[in-house]
Every structure is written in structure tokens, then in C-alpha cells.
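All remarks here apply to the structure that follows.
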Amino acid sequence: MAKVKGAVVVDIEKCKGCGICIDDCPTDTLAFERAVNGKGYHYAYMKAPELCIGCSNCAISCPDTVITVYRVKPERKKTS
Amino acid sequence: MAKVKGAVVVDIEKCKGCGICIDDCPTDTLAFERAVNGKGYHYAYMKAPELCIGCSNCAISCPDTVITVYRVKPERKKTS
Amino acid sequence: MDVKEIIAKGDLVYEKTKVLTDKEMHYCPGCTHGTVHKAIAEVIEEMGIQEKTIGISPVGCSVFAYEYLHIDWQQAAHGRAPALATATKRLMPEKYVFTYQGDGDIASIGCAEAIHACNRGENILMIFINNGIYGMTGGQMAPTTLDGMKTATSPTGRTVEQNGYTLDLTKMIAPLPGVCYVARHSADTAAATRKLKRALKKGFENSMKNKGTSFVEVISTCNSGWKMSPVAANEWMRENMFPVFPLGTIKDE
Amino acid sequence: MDVKEIIAKGDLVYEKTKVLTDKEMHYCPGCTHGTVHKAIAEVIEEMGIQEKTIGISPVGCSVFAYEYLHIDWQQAAHGRAPALATATKRLMPEKYVFTYQGDGDIASIGCAEAIHACNRGENILMIFINNGIYGMTGGQMAPTTLDGMKTATSPTGRTVEQNGYTLDLTKMIAPLPGVCYVARHSADTAAATRKLKRALKKGFENSMKNKGTSFVEVISTCNSGWKMSPVAANEWMRENMFPVFPLGTIKDE
Amino acid sequence: MNEEIIIAGFGGQGVLSLGKIIAYSGIMEGKEVSWMPSYGPEMRGGTCNVTVIISDNKISSPVVQRVDTAVVLNQQALDKFEEEVKEGGTLIYDPNGITRHPERKDINIYKVDAARLAVELGNPKIYNMIIMGAILKARPILNDENVELGLKKSLPERHHKLIPLNMEAVKSGSKGVEQVHSI
Amino acid sequence: MNEEIIIAGFGGQGVLSLGKIIAYSGIMEGKEVSWMPSYGPEMRGGTCNVTVIISDNKISSPVVQRVDTAVVLNQQALDKFEEEVKEGGTLIYDPNGITRHPERKDINIYKVDAARLAVELGNPKIYNMIIMGAILKARPILNDENVELGLKKSLPERHHKLIPLNMEAVKSGSKGVEQVHSI
Amino acid sequence: MSDVKLLKGNEVIAEAAIRCGCDGYFGYPITPQSEVMETLMERAPWNTTGMVVLQAESEVAAINMVYGGACCGKKVMTSSSSPGVSLKQEGISYLCGAELPCLIVNVQRGGPGLGTIQPSQADYFQTVKGGGHGDYKLIVLAPNSVQEMNDFVDLGFELSFKYRVPAMILSDGMIGQMMEKVTLSPKKPRRTEEEIIKEDGDWATTGKTADREQNVITSLALKAEEQEATNLRLQAKYKEIQENEVRYETYKADDAEYLLVAFGSCSRICSKTVDTAREDGIKLGMIRPITLFPFPTKQIKEFAKQVKGFMTVEMNAGQMVEDVRLAVNGEKPVEFYGRFGGIIPSPEEIRVALEKQLFNK
Amino acid sequence: MSDVKLLKGNEVIAEAAIRCGCDGYFGYPITPQSEVMETLMERAPWNTTGMVVLQAESEVAAINMVYGGACCGKKVMTSSSSPGVSLKQEGISYLCGAELPCLIVNVQRGGPGLGTIQPSQADYFQTVKGGGHGDYKLIVLAPNSVQEMNDFVDLGFELSFKYRVPAMILSDGMIGQMMEKVTLSPKKPRRTEEEIIKEDGDWATTGKTADREQNVITSLALKAEEQEATNLRLQAKYKEIQENEVRYETYKADDAEYLLVAFGSCSRICSKTVDTAREDGIKLGMIRPITLFPFPTKQIKEFAKQVKGFMTVEMNAGQMVEDVRLAVNGEKPVEFYGRFGGIIPSPEEIRVALEKQLFNK
Ligand SMILES: Cc1ncc(C[n+]2csc(CCOP(=O)(O)OP(=O)(O)O)c2C)c(N)n1
Ligand SMILES: Cc1ncc(C[n+]2csc(CCOP(=O)(O)OP(=O)(O)O)c2C)c(N)n1
Ligand code: SF4
Ligand code: SF4
Ligand code: SF4
Ligand code: SF4
Ligand code: SF4
Ligand code: SF4
Ligand SMILES: [Mg+2]
Ligand SMILES: [Mg+2]
């Protein structure tokens, strides 16, 4: 079975750089960005986008709910 | 063994006629007096003094602690 | 040998302890408060701790406990006796400090203070007079009122739907690690009162051994509030309250 | 397929529920309050009860919960949320009523109100955020603070001698007959949060079935108060709090 | 007309409800009335009392220092309230259990052995209506019909069948009361 | 002399203790001082500020509407306090993370890249003493000895060994600060 | 005549609550007011009007239940007596801060502390000046008869909802315990949710329907500016209330040379003093503030032109007298006579005090 | 100079408590005064003086712990801020009724309700008139500097023990949170039981020894006569306090034509207004009541002869102004200027208010 592929969008300006999402991602997709956002936080970003499986863990565990998750299902992938 | 003999003194004016002592006497020594005291209560008295064994139950269970108990011990009785 | 002779010649085997004052108790005839006062007074006398005992009286019929027990007393606001006792014992650790509280006082308005004193393990003795009703204010429902029981604020009988469940505070606090000793007694008979005295004594002793909080509940009557004769109230209590609040030692550590 | 493509062409599988407002939460980075808010909001959305849900917020960091959850809210005095909820639910039985309280709020000052609401079996959901500290006021000790834990009012670590024992309120209320459902969860991972959501849902459902009080405790972090990074706080919680406050369903009747 | 009455006795003697019936009867006469109990912590068997005022005019205070009529039903009540009767006023008492009888010479004194009369009527519950009869005889300030109306008003519907018995008790009290001192 | 200073930045930047050191240094100069923090619910990373006043005279209010000197250490602080500097006053800022730089023309503006300097000195904890150095350069109201004394007073005994390092940081700040606008 | 009943003041509070469509009562027993809840429990209105009656675990819980009920736009109330009302102070301050309507009854007894259960008026300051924290006011109604115990329940709710300011009936053990003739109000149904919205606006927490924003009841404002805005709004309301809602009563005051000022129980005693003084040819009158806030300041000020002096009579150490002095502002002497701790002054002793403190001075 | 420290007002309360031999502190966290307990916990005086420090489960518990400790004749205290102090009102009334000495600190914040945590003076009425039930008074000290936060702890205890009336330090978030120079008091040891008896008499509940009768601390009197006796005793004490313990301060008042009246924080701001007005040749002065009860009524009355008018400046809607008006009794205008909800007025706006309300009128 083909692997699910996912992607997340972090609302950078709203991210507080707490790292909870990074910790909770099963695939180590995420990391802190070196740069800081307007609030001075090192926000989360997809360091290894290829690893994301779109499981939504990061989004669910993000206390500030600033992550949106997308996923391409295997069957869809086939068609594409 | 000779039976212990007892006697109680009820402070009549302080008795509230609740009947707890009467209920708790193991020998049915006590009863309510027909007459009332100054407060209007039928106070407790030794209706059957011969039955009293000086066990102090009445005195201990009296909520107002108005009973004093005396007892003659068997050996004493012998001497008398 | 007749009565007079026995009195004259016999041994005095029971008289009122000197720790009780000569004041006439204001309690209704047959009220359990009187018996428990006596039990406490006798324990204080037997332990020889009259000079070192501080009582904290509640708001409730026993608000006047200080009139009857000849020791130093603090009269607390409704429900707050455990707070007073906490400060008193901590500031004077060499003293025996006990609270004396009704069920309305300890289980309703003073629930938080009671639980927190127990949880802190204050080295005090808490005496809880559970007569299932608010005696002093004229017989209103208490948290400990039995289901179906009629009171001034449950005139057709307490219902779970409106008033919730009969609260067993003692069961609730017993598991707390701060509490070293929990016992439930009654004072309806001399035998029961003798047992109660042993429990109270243990409580006082624990408090000086810094073992934590000792908690003694006395299942009691309020014949006035229940609208029964004193003797009938005792019977009703044995029949109806003992099953809900079973007597015995619940914890002894 | 690269990220942009997935976003453009893929399915949206997770986005913020509309029951959460767009306001930026004032909570510290990584604070559990945010995650629990989300969980509640999602349950409300999934159950379709936004129009019928009334939240009661406490005094504590979550005093501003009303800024984030787009439902009607009452902001209670410190510790009194269960009293507000009692009246609200009894006056509007067709509504879903829940309280949201911190550990200082519910286990310290509001202990009596919490216990009595539970004992009456009010048909409400009580959510108890236990982060072992007073977050809002700057990290003072709570009744739930672990033994040895350093806080602003136990700077060298909480001691039993001075402060008594860590209070397990949930364990205390679970046996009450008025309480139908008691569960303890966390919100440190997505997995935990999913479980928490199921518990919250059950609580809401119970309240409409008039089964009594549902009580859901969330073992939480206060990384600010604990002076740790958010991730370290989660780890500390798992290592130190879970053993004292074990997760799981404690009662389900 | 302005009659200030105090009724005092044990809790169980129906003192408060007697006061209420008197007050209701006063209303039936078209008067202003007030009824003010002593209140305090519960104490069964303790003495309680009620002050009833019936007046042509608005009543200022429902409590008064001195009364026109005192109805005392036990020793404590007698000891306390004998003094509070105004000069020329009336004292009514039940001699049952009384060891020190009233001594004042400047008031009218009536005695009614209501406890005994109640036993005779076979119902201790109507004790207080016997007292009512005694009051009406000693101080005829209310007429009988209004008393019956007052009784009706103060009793719950389900007890209305007891009214005849009560009115009989009133009669018995009126008949049984005797004046032991008059000024 | 009457100098009103506000220092504002993130909680972790040592804003409050910097204020305290300045105030203590003022005391060492024999001045009256006051120190007033913004206070509120805990919010890590939130902006906090402290107002310090050093004066020859008794200080009436420890909070002021407008200040002589504003020291701003993040964007939020800059946005909020640039306006509050009195005409002719002084603004000192750390450009790190700043996207909108100060714009006023009627005040003296200084810039100190304290974050970088702290890294250079190998200790992020002395960040606030670098700022101290910048302040002393821009507004030489305190002399160095008194600052050292003030530092000593405000540090617990066990940290006194860190004083030389701190004073070095002060020097580095004084050296590193640059005036970007003068009136 | 058939509608006239003989009832205790406390009982009447309960009857009036049911009749005026009260939605909920939350209380805790305390003498001398326990009959309020007892009567409600006896009447069991939950079977008839649907009114909720609940014995709370404490006064603190009770006032916070009132807060919760008031948030829902419901007519909710509590009653207590002095020590119990002290415990409610935080809750009362919250109710005021959140601008919630409700009715609180204080059947005062003597204090301070546990004190005595006899009648007193010693909670005037607590009630009128603010026993809780912050700048707030209650609408305070002081009944002096059992009839007014009836009337002020409905009036209290009405004013409270009109201004969204809690109303307090400041009664005492005498009015609470005594029976008098009373004509009970006609029965009104409880309001439906729609009626509440129509009459009072859509501010209550009844569930955020799709057609409106969320409703939030709170008294919190972290920023001082916001809090000041709240305070200013409250003060403006209080001013409006002061202008529109003053209620008072005079007795033989038109030609009076001296004026007694008394509220509640004391005003009844004073009326007797007035009568006997008049019999002796003394031109004594009385003014009785019915609303203690808003206080009849203007009216008393007006009388200051006419009379030679005032004397307030209170069952306390002198509390309302301050408001009378503030009204009179030095224009005429304002004396005080009081009894304490549960003692009700007699008309005669008031007369003596008048002679000593006012007439012969 | 070596003894001068830079400390927060709240910290100083804690330091002063330890130094003056305080026996026990019982508190509950609340902003803006949590540093009091935090500092005590940091100092851990139980290891040095033996002082007990306990975080209570609530403000209600805390004040009742104070009650218990005070019963023992100990120097005990609590501190809180406005909402927390409201919760203490029943306890405070009990303390007064039982005539117990103790110290209560209120670091006020804006209300009503949860309000704001910014400084306020809106609890003047609650503190001075009586937030609890019954006729009672507290000895109220209003510090306007960190130094006075130190000084008034000892003074508060001293006065409180002297009269057996609870003392209150009425401070606010500004004084509590700010740091200033302070000279801490010299250290006094805690008193032994014998010293307590020697200094204060043998009334405390320390155990009924054979040589004395039982000691009972209560505020209960079922009979109205007994309660009245208690009230009369209290009133007599308050009179004595009013006569002997008034403390106030004037600033450039000797030749003043106008007088500002302000307490606590506001008095600091006003002193600046006085200075700038004087620069402009306006004869403005200030009187600062230091004790709010006893209030410097006589002194203000005296000034009424000298000045053209008064203005009180308060961080509330106008509370102390009533006591000033009662003192001035209409002789001169008494104006009020206030800010609310946590806003501290500026010297400039006070000047503007003076111009508008007083000078140009
Ligand atoms: C704050 C406060 N609330 C209520 C009361 C009235 N009150 C006096 S005693 C009491 C309850 C007494 O019941 P309980 O504690 O069971 O004692 P009992 O009289 O039954 O022994 C109440 C509610 C009060 N004095 N103070
Ligand atoms: C009556 C009262 N007492 C104290 C406070 C101060 N206070 C605000 S929040 C809080 C405790 C918060 O702790 P918790 O309930 O655990 O919530 P958290 O902030 O940790 O989520 C306290 C004591 C208050 N606002 N009101
Ligand atoms: S969706 Fe899952 S895999 Fe992708 S970043 Fe988030 S947690 Fe990691
Ligand atoms: S969990 Fe949320 S706030 Fe925290 S770092 Fe990740 S995206 Fe940012
Ligand atoms: S002493 Fe014992 S036997 Fe004698 S009367 Fe008392 S209970 Fe009965
Ligand atoms: S128990 Fe005591 S009070 Fe009761 S009847 Fe017996 S002697 Fe009398
Ligand atoms: S009312 Fe009840 S508890 Fe109180 S004295 Fe009477 S019987 Fe005892
Ligand atoms: S202080 Fe603690 S509980 Fe409060 S927002 Fe910060 S992390 Fe959360
Ligand atoms: Mg009871
Ligand atoms: Mg917490």
C-alpha cells in the first residue's frame, strides 16, 4: 500500500514556539525555525516535509491550535 | 456470690425527664415519677430500688449528668 | 439494706466530673450533646489534661459548650472551628486542641475547612456530632439528613432529586493520609458512651504524639428536630441511622 | 508531491474548529489550558451543541476561557463555579452546563462547592485542570502540589510537616453516589487529547441523561510556574504527576 | 380599643397558635393586629411567649414593655410576666404545676384549670382553646362569631372539621375560669 | 536631578532586576529612588516593564505618564513606549528582532546590540548589565562605583563573585552603544 | 377582606416570591429568617410555577447560585441574616461588577460576630456604603411592615432588572418574625425565555444561538482603563437611580418643627412618639426613607429649611445618621438616638431622648 | 546608610512581621499582595523566631486561623487584596465582636467583583464603615510609603493589643508593588506566654490552670441586654481610640487657603500638586489622614475655619470625602476628585480639577 503523504501549515505569527508539536510528531517532521516571529518566538516548521504522514498529531497537541493539516490519500496519489 | 446492691440519687430539680436513664437501666429500676419538678418534668426515680445493682449505666447515659450512683460491694455487705 | 443506707454507707461509684460546670445545660431533654460533653469531660479528667486542653465550639446547639465544660474555649464562626484549631495547635503545640462540631457546621458550611485540616494532618481531635439535622435553627435539613426524612426544609421528606444524597463526611476524610484515626460511635447507652470515651482518649493521645488528625463521629439524636421523644429518637437512630452510618473504628494508624 | 501540492490538492484533515475564536490565547507557550480548550471546543462542535452549552469559567489562568470558546460564558468568583453551574442547570435543564476550574480553584478555596455539587448529583460536567500550582497568581503552592515540589510559597519544596499532603480531590469525590462518571486524563499528546475528548463527550452526554455529575480531571502542566520548558514540563508531569494521579476511568455508572 | 396581650407557656401548649387565633379573630372584628413571638434557639419544653396586640389604630411596635393582659401557663411564665401587667390589667393563669401563685393586688386575676378541663373534654390538643375561652370571659374584647371565623382562618382547610370541638373548648374555658382576685 | 526611566522587554531579559540595580545605585548616590513594575497575571514571554525614578527630592508617584528615558528591548516595548518619551528625552533599544525602528526626531536615540554582546561575553545572563552600560553612556546619571555598590546590594551574597563579570558587561555595553539619532 | 391574611414577614417574602414569578431561591438557614426557605419548601412551588428552591451548602454557595441564576436572566433571590450576609459580600460585589439583577433579603440581627438573634439595624453601613470591595451600590428597600415585605419583593425585582443592579430588602428580626395583616400580590406567571429577552434584552447566558454573538457575564477587566469604564458606567447608573427612584414617606411632617428620621422597624416606634408628642402640642414629625439607596437626600435637605432640628432613631450605634448629616450639611442640628444588640427602643425613651438632645438644647 | 534597603511594600510587610515578633501569619495568594506570604516562606522564620507561616485553603480559613491564633493571645496576621478581604468580612466581624487583637493587611485593587489587579482605594467604606455586620470599627492605618509599610506593622499590633480591636493596614497595589528605600525596624523577640499575660492580661485561651477561671472567647449573647452591654463597651473603646489615637500629617497647610485631603498613594501624588501650585503662588496645602479610623475629624474641622475649601482626591468614586464632609459640616465646600478601577491620578489632572471645582467657583 502506498504511503499517505501529509503536509502542515503553521500559522507562523501565532506560533509560540513551545515545541509541543515537534515533540508529538511521530515522524520527526517538525523542528524550530532559526528565525523568530514577530513575538520573538522560534516557530515550528516542517524541517523534513517528506516525512509527514498527515496524522494531525501536531495540530491536535498544539495548545494554540495554529496548525492546519492536509493529506493526500493513497488512492488519490495513484490518480495524480 | 452475693449480689451487688446499688442506689442512685437523681437531682430532681435538674432532671429533664427525658427517660434515657430509664431506658438504659439493665434492671428496670427506674421510672418516671408521676409528679413534676419545678420545670414541669416528670423526673426519674427508683421505682424498684431493690433491683439496682449500682452499675452506673443510668448516670453515664444521662445527658444532663444529674444522677449520682452508690454501691455496696458484696464483701462489705457480708461485714454488715 | 435500703437505699438510704447504701447511699450513706456504700461507695460512691459515679458522680459528675469536676470538669463539668454546675450550670444547667440548655439542651432539650435527652439531647445527645449532653452525654458527649460528659464523655469529653470525663476523658479530660481521667487524662489529667484540664489545664492543657483548648476546646473550639461551633455554631449550633453546642455553641454553648463552654458553659458546661470547664476548660478554655474558643467559639468559632459557623463551620470554621478547624481553622481556629489549626492555628491554635500550631501556635501552642503543647496543648490538647479539639473541635466540637455539628453536622451542619462540619459537613455543610465548614466542609472545606474540615477536609483541609484533615488533609494537612493537623494534630488535633475533631469531634463530629451527627444528628442528621440543624438542631439550633429549628430542624432544617443537613447534608447528613437521611433520604426521606422530614425536616423544616424538607417537609415532605428529603429527596435525592432535590437535595442530593446523604453525605458521609467521615468516609470521605478517612482515606486522607493526614488522618491517623477515624471512629464512629454513639452515646445512646452507657455502653456506647464508654466506647466513645476510649475513642476520644485515643484521639487526644494521638494529637500529642503528632500522629495527625483524629476524627471521632458521634451518631446522635435531635429529638426536638426529629419531633420524637428522646427514647424514641434513640430507637429511630439505631434503626435508621446506624445502617447508613455504621459504627466502629474506620482507621487506626 | 511536494508540500504546496499536498496543501493545494490534498484533503484538509485538520483545521481549527469554529467553536474556537480567532483571538490569540494569552496563555504561556505550551500551556495545557490551550489544548483542553481545543478539546472542549471540538467536542461541542462534534456534538452540535454550541447553541445549548453554557461554560462557567473560574478565577485562574483560564478566567479568560470566554475569549477563546465561542459559547455563552459565566465568569465565577474564585472557587464558586459549581454553585453557578448548579443554579444554571436547574433553571435551564435543557442546556449543557460545564465548569472549568483549576486546582487552586476547585481543590482549595472551592472545595466545599465542588463536593456539594457532586454530592447533590448536579447534572453538569466538571472539568478540573490540575497543574499542581496556582498559575495565574505566579506559581504558588496548590493542594495538589506534589511533595517536595518548589513553588513561590514553598521555595525549598513542599513538606508534609508544614503543608500537609498532596490532595487527590478526584479520588475523594469519585465514591459519592451523585457522581456518575469520573475520569482522569492528560492533554500532553494528540493521543491523550483524543482520549480526553471521548471523556468530555461522555460527560456532556451524561448531563443530558440526568445521570448525575460527570467529573473529568486533566493532569496538566504549568511550565511557567514550574520554571521548565513546555516539553520538559510534559516530561516532568509524566514522570512525577502520573504516578500520584494515575490516569484512567475511575467510575462509569 | 388597644389591647396588648402576652401569652406564655411551654412550647407544647399551643401558645403561638392561640396567639394567632386571637389575632385572626381581631382581624374579623375589623381591627389592626400584630403577633410577635419570642424566638430563639430550639429548646423543647423551654418557655415561649407571644405578644398579640389588637387595636383600632395602626400598631407601632409589636413588642411592648407592659401588657394589658398576661396569660401565663407555667411557673416560669408567671414569675416573669406577673410584673409586666399594667396596673389595673388582667392576669390569667393555669394553676397546674404552679407552686407560687400570683400575688399582685392591683390587677384582676383569673384562674382556669385548663389541663383538667382538656382531659375532661378528652382531647389535650384543644388545651389552648380552653384558655381562649378563659380570656374571652375575663377580657370580652372579641365576639364569639369572630373567634369562630378567626379559628377558621388560622386552621388549614383539612382541620375545619375540628372547629365545633374547638368552640366547645372555648365555651368550657369561659365557664371554667374563675376570678380569684379583683380590684 | 529627577530622572524617570522605563525599561521594558521580555520577562526573561532581566528587566526587573536591571531596574532594581539602577535604583540601588541611585541610593548609593544618596538619591531618592522608586521602582515600580508592571504587574499582572503570569505570562511567560509576555512583555513586562519597570519604572525607576532617581531624584534629589521625595518622589511623589512611582508611575509617570511620560519618561526621560525609555529602554526598550523588544518590538512591543518599542511600539508602546517610544511615544512616552518626553521631548528631548532618550530612547535606548536593542535592535535584535526589531522590524520597525524608532522614528521620533525630537529625542536622542541609542542602539545597543546587547544580545550579540552577551554572546560575545559568553554569558546570556549578563544581558541586562550590558544594557546598564548603554544607559550609563547615554545618560551618565550614576557613577561607576555606585553602580558597583548598587549591584552588590541587589545581588544575594552568594552571587557576589559575579560582580567583576557584571562590571565587564557594563563596560562592554557602554562601549557598544551607538547614538543613531541626536537632537 | 377575604384576601387579607395574617402572616409572618418571613413567610410573606416566600409567598410574594412565588407570586411574582420568581424563578429560583437559594438559601441557607439562619435565625431569624429561616421561615423564608421553610415556607418555600412547604409551598413546593416547583410543582406549580416551576420555581427552583434549593438549600445551599452555605451562604457563599447560595449567593453564587444567585449569580449563576442571574446570569441566565432569571429572577433569582436569596435571604439570610447578618453573619450570613457578611459571607455573601464577595458575591454581592461580583453581582454588582457583572451588573446582574437579583434580590437579596437581609433580616438583620444584632452583631458584631455571632451576636444575638434579636432584631437590629446595624447592617446599614454594610448594605448602603458597601460591605464588599470596590465602588458599588445596591438598591436598598427598607420595609417597616409585613405588607411591605410582600410589596418590596416584586418592586425589588422590578428595579433590579430595570437597572441591572442587585436589590436588597433590608429588614430585621422584628419585621421578619411578626405577623400582621397582609394582602398578597396577585399571581404573575414566570417569564419565558422570549419574554426575558423582550423585556430585558438579550444579554443573558442562554446559549449562543447562531443569530447572535456569545454572551459573557464577567466582572473582570485586566486593564485599568477598561475597569474605569465599567466604574463610570456604574456611577452613571447610580446617579440615574438617585434621580428617579427615591422613595420615602412622611408622617405629620408638613408643619413639623422637629423631625425624626427612621427607617424600617424604628419608623413604627417613632410614629408613636410623634403621636404622643403631638398630643402634648409639640410639632414633631417624621420622615422615613423607604429606599436607603437612593437616599432621600434632597428631601431631607429641603426639610432642613423648615425644621429646627432632626433626630435619627436607629437600632445601631449611629449609621444612617451620617447620611442625614450629609444631607443637612450643617444647616440644622442632627442628633442620634440608638439602642443596640437586639433591643427595640420604646416610644417613650425616644421622647426622653428628644427632650434631652433636641428640644432643650 | 548601611541599614537602608530597597524593598517592595509587600516584602516589607513580611520582614516587619518577623522583626516585630509576630507569632503567626495565615494567608491565601492573591495579586497584588502575594509577595507578603512568598517573602515569609522565603525567610522561613519558623527556623529562626519560631513564627508560624501557613498557606490557608482560602481567605475564609485564613481569617479564622487568625481568630484562633488571636484567641491564644498571639500576634497573628493575615493579608489579602480586595475580593479576598470581602470574603473575610464575617471573620472580621467576629474578631471585633470577640475583641481580639490582630493585624489585617489589604493591598487594594480595583473592583467591584474580580475587577482589576491595579491599585485602588475603593475599599475605604468597607474598611472604615464596616463591611461586616454589626456595629464595629477597625483601627485603620493608611501607609503612603514602603517605609510606613514597615512601621505600621509594629504600630498596628501595638494599637490592636492596647485596645483589643483588630488593626487594618489599608494599602494598595502601588505601595505593595513598588520598591523604595526602607529602614527596617530593629528585631524584637516573640513574646513568651508569661509576657503576654503580663502585658495584656490573662484573657487568652492558653489552658485553664488551677489558679484561674476558664477563659472563653466568644461574640455570642443570646439576650439582647447582654449584647447591648457588649456594644456599649465597644463604643466606649472606639470613643477612647478616637480621642487618643488620631494620626495625620499636613503638608504646607499652615497658611493654606485650599486644602487637599488624601490618604495613602493619593497623598503622594497630591504633594506634587501642592508643590507645583505653590510655585504658581497658589496657597495650596494638604492634610493626610494616617489613621482612617480614628479619622482626624477635629483637625479637619479646625482647618475649615482657615481655608476657603477642601478637595479630597481618592482612587475611588468618593468615599473618604463623606468623612471630610461630616467633619467640615457645611462650613466650607468640600469637593471630590477621583479616578477609578486601577488608574492613579496624575498631579497635573488634580491641578486641573482644583481649578475647575474649587478655585474658579
Ligand atoms: C454564617 C452563619 N450561617 C448560619 C447560621 C445559623 N446557624 C446556626 S446553627 C446552624 C446549624 C446548626 O446545625 P448543626 O451544625 O448540625 O448543629 P446542631 O444544632 O444540630 O447541634 C445554623 C445554620 C449562623 N449562625 N452563621
Ligand atoms: C477570592 C480570591 N482569592 C484569591 C484570588 C487570586 N487568585 C486568582 S487565580 C488564583 C489561583 C489560580 O490557580 P488555579 O486555580 O490552580 O488555576 P491556574 O491558574 O493554575 O490554571 C488565585 C489564588 C482571587 N482572584 N480571588
Ligand atoms: S501531521 Fe503528523 S506527521 Fe505531519 S507534522 Fe504533524 S504530527 Fe508530524
Ligand atoms: S505546538 Fe503550536 S505553538 Fe507550539 S511550537 Fe508547535 S505550532 Fe507553535
Ligand atoms: S445504677 Fe444501674 S441498676 Fe441502678 S438504676 Fe442505674 S442503671 Fe439501673
Ligand atoms: S436521663 Fe437524666 S435527665 Fe433524663 S430522665 Fe434520667 S435523670 Fe432525668
Ligand atoms: S434542638 Fe436538637 S440538638 Fe439542639 S438541644 Fe434540642 S435536641 Fe439537642
Ligand atoms: S502561568 Fe501556567 S497555567 Fe497560566 S498560562 Fe502560564 S503555563 Fe498556563
Ligand atoms: Mg446537627
Ligand atoms: Mg493550577
Side-chain angles (χ1 to χ4, degrees), chain C residues 18-19 21 23 26 44 48-60 63-97 99 109-120 122 124 136, chain H residues 22-26 46 50-76 78 88-95 97-98 100 102 132 190 193 202-222:
Chain C
K18 290 276 168 304
V19 178
T21 65
K23 280 177 203 142
H26 75 286
I44 290 174
I49 58 172
Q50 187 178 13
E51 300 204 350
K52 293 169 70 179
T53 305
I54 320 287
I56 324 269
S57 66
V59 173
V63 65
F64 281 122
Y66 55 76
E67 297 274 352
Y68 314 126
L69 273 146
H70 202 52
I71 54 170
D72 280 1
W73 280 97
Q74 304 174 0
Q75 194 283 303
H78 193 27
R80 318 305 174 192
L84 277 68
T86 295
T88 299
K89 180 67 181 179
R90 288 188 179 226
L91 287 161
M92 308 194 301
E94 72 289 358
K95 300 281 150 62
Y96 293 83
V97 180
T99 66
I109 192 170
C111 172
E113 285 77 12
I115 286 171
H116 281 276
C118 286
N119 190 56
R120 284 190 304 262
E122 301 295 342
I124 56 173
M136 185 182 221
Chain H
C22 177
D23 296 298
Y25 172 95
F26 307 91
W46 51 91
M51 176 181 176
V52 170
V53 185
L54 184 63
Q55 178 170 334
E57 61 271 32
S58 68
E59 289 88 352
V60 170
I63 193 73
N64 284 288
M65 289 173 182
V66 165
Y67 187 100
C71 286
C72 306
K74 302 286 185 183
K75 280 189 181 175
V76 286
T78 185
K88 291 182 198 284
Q89 291 306 319
E90 190 206 22
I92 289 174
S93 178
Y94 266 75
L95 283 156
L100 291 171
C102 69
R190 288 173 57 222
E193 215 165 272
D202 192 4
W203 53 264
T205 58
T206 52
K208 195 214 90 57
T209 46
D211 58 353
R212 68 157 167 84
E213 277 307 288
Q214 61 173 174
N215 284 338
V216 176
I217 308 290
T218 181
S219 61
L220 172 63
L222 270 195

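Letters A, B, ... are given to chains in the order of the sequence lines, protein chains preceding strands, and every chain is numbered from 1.
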Contact origin within [X] toward chain H - heavy atom pairs under 4.5 Å:
X: V97(C); answer: neither
X: T88(C); answer: both
X: I54(C); answer: side chain
X: A85(C); answer: neither

Return the minimal non-hydrogen interatomic distance between [X] and [Y], and the atom names on each side.
X: T205(H); Y: W73(C); answer: CG2-O, 3.2 Å
X: G68(H); Y: A87(C); answer: C-CB, 4.3 Å
X: Y67(H); Y: Q75(C); answer: OH-O, 3.1 Å
X: D72(C); Y: A204(H); answer: OD2-O, 3.7 Å

Under 4.5 Å, counting heavy-atom pairs only, tell me which of I63(H), N215(H), L220(H) racks up the most with chain C. N215(H)
Working to the nearest 0.5 Å, report the span between [atom1] of [X] and [atom2] of [Y].
X: M65(H); Y: L91(C); atom1: CE; atom2: CG; answer: 11.0 Å
X: T53(C); Y: Q214(H); atom1: OG1; atom2: CD; answer: 12.5 Å
X: R90(C); Y: W46(H); atom1: CZ; atom2: CH2; answer: 10.5 Å
X: Q50(C); Y: T209(H); atom1: CD; atom2: OG1; answer: 10.0 Å

Apply side-chain contact (heavy atoms from CB on, under 4.5 Å) to residues H70(C) and E213(H) and explain how you reach the verdict. CA-CA 8 Å; H70(C) 202 52; E213(H) 277 307 288; 3.1 Å; yes
Tabulate, in ascending numerical order, the residues of residues 109-119 of chain C having at least one heavy atom closer than 4.5 Å to a heavy atom of chain H, or enter 'none'. A112(C), E113(C), H116(C)
Return the option, out of L69(C), I49(C), I71(C), with the maximum number of heavy-atom pairs under 4.5 Å with chain H. I71(C)
What residue, out of H78(C), K52(C), K95(C), has the most heavy-atom pairs lying under 4.5 Å from chain H? K95(C)
Under a 4.5 Å heavy-atom cut-off, does chain C meet the side chain of A210(H), its backbone, both or neither? both
Should the heavy atoms of other residues, nucleotides or ligands under 6.0 Å from NZ of K18(C) be counted, would the total exceed 12? no
Indicate every side-chain donor-acceptor pair of residues 50-58 of chain H with a distance under 3.5 Å to a residue at least two apart or in another chain.
from, atom 1, to, atom 2, distance (Å)
Q55(H), OE1, T153(D), OG1, 2.6
Q55(H), NE2, M141(D), O, 2.7
E57(H), OE1, R120(C), NH1, 2.8
S58(H), OG, V60(H), N, 3.3
S58(H), OG, A61(H), N, 3.0

